[in-house]
Amino acid sequence: MTKTYISDLSKLVGQEVELQGWLYNKRSSGKIRFLILRDGTGIAQCVLVKNNLSEEVFNTFDALTQESSFKVKGVVKQSDKAPGGFELELSDCTIISVAQEYPITPKEHGVEFLADRRHLWVRSSRQHAILRIRHTIIHAIREYFDSRGFILFDAPIFTPAACEGTSTLFETDYFELGKAYLTQSGQLYGEAGAMAFGKVYVFGPTFRAEKSKTRRHLTEFWMVEPEVAFNDLNDNMDLAEDFLEFIVQSVLKNNMEDLKTIERNISKLENVKKPFPRISYHEATEILKRKGIPFDYGNDFGAPDETAISEDYDRPLIVHRYPSAVKAFYMKRDPQDETKALAMDILAPEGYGEIVGGSQREDDYDVLLARIKEHELPQEAFDWYLDLRRYGSVPHSGFGLGVERTVAWICGIEHVRETIPFARMIYRITP
RNA sequence: UCCACAGUAGCUCAAUGGCAGAGCAUCCGGCUGUUAACCGGAGGGUUGCAGGUUCGAGUCCCGCCUGUGGAGCCA
């Protein structure tokens, strides 16, 4: 007798095993009945044949409701007719807990209904597949940096002031020290790490109190932010490109079944190979001009602009050298053209928009101080940051990758709310 | 904050201004290979809230509430 998981059944054909899990679905044809068991690793069909079983065991079928927990014993058989490919001809079936009427049926539901029951929704196959892919992506992120000499350098969640001075932050009372804010980026701290360790990555949740209400926005989302000393903008683009390719390849290697479950077009992911096209902001505006999309030179791109710029490419597109006026104070200006910043964004294909934003950082003390004043930021709060330029300043670069947008793109799904177990949005904080 | 759309049974949706309906779910019955199984039967409604027009409002008008996704902002 072996206690095992459904994912192991292929190795156990012909053997008697014990499985435990939850009822995914059931069907009856009178004297032969089918239970579909879900155990978190897959689904398996369990067959109850009346003539082979005691009355008591055969009738557990009647008491089992959707999502009831139970355990079974039986011999593993390969079966093309069985969902999951394997079935158990049961010798025993024991109920652990009978579920009350389960609200999420195998039929369609609306988004509000499902979001209110997110704690149950994560049991269904599509959500299961998406969250497994999220797991692979996060694992790949860590594996990529860990195997290339980067140190994980955690940034604080509570911060004394805005990192970039632009977006609206969540505010909270912090004892006698006044207000604290939930971080919108760990990058400034990552720069301190890069000066200490050479190569670091910050990986954690970030918070934006913007009242954004679109399929691409959460108020709480995860971001990974590598920062590398002595990297210039080109090195930064090389790193981001290699990194994204690695992530996509990891998903293709580990999650083919999940991609099939969510009906993702695999060929679109197979295209994601180096090198990625690189165009300047200036060239991007010419694409808009050619397509007849009205645009004021010098502005940042809106979501529809990003779609128009990237839609003709079959892989992520790197756009670099944005007008410095629309970018953050810490970005270094292009010595060739002082109106431009050494910034780069990566636009995912298929209209998914910006998934990476990064830059070479300003490394000159006087210039950085002037920028802080220009942006009317509280200088005291940035004193430690200026220290990084006082004590052995070097050229350095980094970027941030939004995990949920990356998951949405790789999975080909409509809305980022399905890419994290419990999404936090402007009008939703439960469950 | 602004713009657009939506709200009817537990769920997903129908109903020319004229009797409030279907499928699924639930309950009862049938079926020895089902595949969102199928077949027969039953129960299930303050049509988001409040007002107005009308002989008559789920339907038309006004206000509010809730939801959705889009703009701005960004990953």
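Keep in mind that this is a model prediction, so the values were computed, not measured. Lettering follows sequence order; numbering is per chain, from 1.
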base_contact_polar ([N] base, [X] side chain, donor-acceptor, <3.5 Å):
X: A:S212; N: B:C73; value: yes
X: A:S29; N: B:C38; value: no
X: A:Q45; N: B:U34; value: yes
X: A:E87; N: B:G33; value: yes

May I ask you to say what [X] touches in the nucleic acid, namely base, sugar-phosphate or nothing, with a heavy-atom cut-off under 4.0 Å?
X: A:T206; value: nothing
X: A:Q100; value: nothing
X: A:G353; value: nothing
X: A:P83; value: base
X: A:V356; value: sugar-phosphate
X: A:R117; value: nothing
X: A:N25; value: sugar-phosphate
X: A:L401; value: nothing
X: A:F221; value: base

Between [M] and [N], how far apart are the [atom1] atoms? Round to whole Å, please.
N: B:C27; M: B:G44; atom1: C1'; result: 11 Å
N: B:C19; M: B:G45; atom1: C1'; result: 15 Å
N: B:C61; M: B:A9; atom1: C1'; result: 28 Å
N: B:G29; M: B:U34; atom1: P; result: 23 Å

Does any nucleotide pair with [N] by Watson-Crick or G-U wobble geometry, both distances under 3.5 Å, and what is it?
N: B:U26; value: B:A42
N: B:A4; value: B:U68
N: B:G21; value: B:C13

Output yes if the stacking criterion (under 5.5 Å between centres, under 30° between planes) is met for A:Y427 over the base of B:G67, else no. no
Show the nearest heavy-atom pair for residues A:F153 and A:Y189, with the distance to one decimal. CE2-O, 3.1 Å
May I ask you to check if A:R148 and A:F246 form a cation-pi contact, with NZ or CZ under 6.0 angstrom from the six-membered ring centre and within 45° of the axis? yes
Check whether NZ of the Lys or CZ of the Arg A:R117 lies under 6.0 Å from the centre of the six-membered ring of A:W121 and within 45 degrees of that ring's axis.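 Because its charged atom misses either the 6.0 Å distance or the 45° angle limit, A:R117 does not stack over A:W121.
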Does a nitrogen or oxygen in the side chain of [X] sit under 4.0 Å from OP1 or OP2 of [N]?
X: A:R27; N: B:C39; answer: no
X: A:R33; N: B:G30; answer: no
X: A:K81; N: B:G33; answer: no
X: A:H415; N: B:G69; answer: yes

Could you give the [atom1]-to-[atom2] distance, from [X] to [N], as a whole number of Å?
X: A:D305; N: B:C74; atom1: CG; atom2: C1'; answer: 14 Å
X: A:I346; N: B:C74; atom1: CD1; atom2: P; answer: 18 Å
X: A:E418; N: B:U68; atom1: CD; atom2: P; answer: 13 Å
X: A:L114; N: B:A25; atom1: CG; atom2: C1'; answer: 15 Å

Please state whether the rings of A:Y322 and A:F301 are parallel, tilted or perpendicular, taking 30° and 60° as the class boundaries.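 Ring orientation, 0 to 90° scale: perpendicular.
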Counting the benzene-type ring for Trp, do A:F382 and A:F329 have ring centres under 6.0 Å apart?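 Here the rings of A:F329 and A:F382 have centres that are less than 6.0 Å from each other.
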Qualifying residues under ring pair (Phe, Tyr, Trp, His ring centres under 6.0 Å), relative to A:F221, sequence neighbours excluded: none
